[in-house]
Amino acid sequence: FNPIFGTAGPTPSAVFSSYQDFATQCPALAGGSVTLQTLDPEFVNPLVHQYDLAYETELPWRLGLTVNYLGSRGQHLPVFYDVNLPAPTGTATYLVFDGSGNPYSPVSQFTVPHFVVNASNPRPRAAAGVTGPLVMGKSIVNSWYNALVVRVRRREQRGFSFDANYTWSQSRDNGQVLGTNGTFFGTVNPLNPYDLKGEYGLSETDIRNRFITNIYWSLPFGNLTDSKALKAVIDGWKLATVWKIQDGRPVSSAMVGRPSCAAAPGAAALASGSNAGGL
């Protein structure tokens, strides 16, 4: 596909009716070393429902109390994974070492599915000519957020006021990713495409407890003296502070590259597995 205007200008894009059509027109790009990217024919736009139920009342001493239950429900969020990967043939368990090459105490290990692509275990779409990875975007990720917020505030009286709120919340999903390279940028990689339910758990945005308060006080010391000189020094002072205390976010660990079978510093060693040799 050459540029429209000689050697410069935009290059026209092509839409292919099938993979066979693509392979016919672009044989050099249809080999097994090429990763194809596509969208599920049933792909739909994301949908988010938000809800908020509040109760508010006035208390003595110029205090106000508000209790909120709020949440959101995300549906049809995208996930991108290789749909041309054969089912795992077993599992592999790895022992994790620290930077000095010593096993963590207590011992830390993790088990992952083991995938093999060879002549006896080919890719599912190899018969159709797709011999490489086929990364497909599917709109099947869901998210849930629920929170209880309790807020107490005091209207200003004699120069003093405060506003404090505490939030207890929980955020869960089955594959959503936070950040600039997150869910909508095609970087969600399930551990096992054949077990997407295994992705369900706490979200990367889950912060269970959060307390925020701000206090304002106009100091009354200037009213304690009639001396103009002293009043000029101690009058007009104000004190304000903001506190924010919260839990940390969950840590998502990832392994890049092929683990080593040697207990080298900073490496993940293969402890056991139904298919020795790593991922």
Q | Residues which pass side chain to side chain contact (heavy atoms under 4.5 Å, CB included) with Ile234, listed by chain and number, not counting sequence neighbours | A | Phe221, Thr225, Leu230
Same cluster or not: [X] versus [Y], using hydrophobic residues (I, L, V, M, F, W, Y) connected whenever any side-chain heavy atoms lie under 4.5 Å apart?
| X | Y | answer |
| --- | --- | --- |
| Leu59 | Phe160 | yes |
| Leu202 | Leu196 | no |
| Trp237 | Ile215 | yes |
| Val152 | Val67 | yes |

Q. Under 4.0 Å between a Lys/Arg side-chain N and an Asp/Glu carboxylate O for Arg123 and Asp82?
A. yes
Interatomic distance, [X] atom [atom1] to [Y] atom [atom2] [nearest 0.5 angstrom]:
| X | Y | atom1 | atom2 | result |
| --- | --- | --- | --- | --- |
| Leu53 | Leu70 | CG | CG | 9.5 Å |
| Thr213 | Phe162 | OG1 | CZ | 7.0 Å |
| Arg73 | Asn146 | CZ | CG | 10.5 Å |
| Asn165 | Phe211 | CG | CZ | 7.5 Å |

[X] and [Y]: side-chain donor and acceptor closer than 3.5 Å?
| X | Y | value |
| --- | --- | --- |
| Tyr81 | Asn192 | no |
| Asn68 | Tyr55 | no |
| Tyr166 | Asn209 | yes |
| Arg153 | Thr66 | yes |
| Asn142 | Asp173 | no |

Q.
Test salt bridge (Lys or Arg N to Asp or Glu O under 4.0 Å) on Asp206 and Arg249; report intermediate values, then the result.
A. CA-CA 6 Å; Asp206 182 71; Arg249 282 173 27 203; over 6 Å; no
Q: Please identify each residue that fulfils salt bridge (Lys or Arg N to Asp or Glu O under 4.0 Å) with Asp40, with sequence neighbours left out.
A: Lys138
Q) Would the Trp144 and Tyr200 ring centres measure less than 6.0 Å apart? A) yes
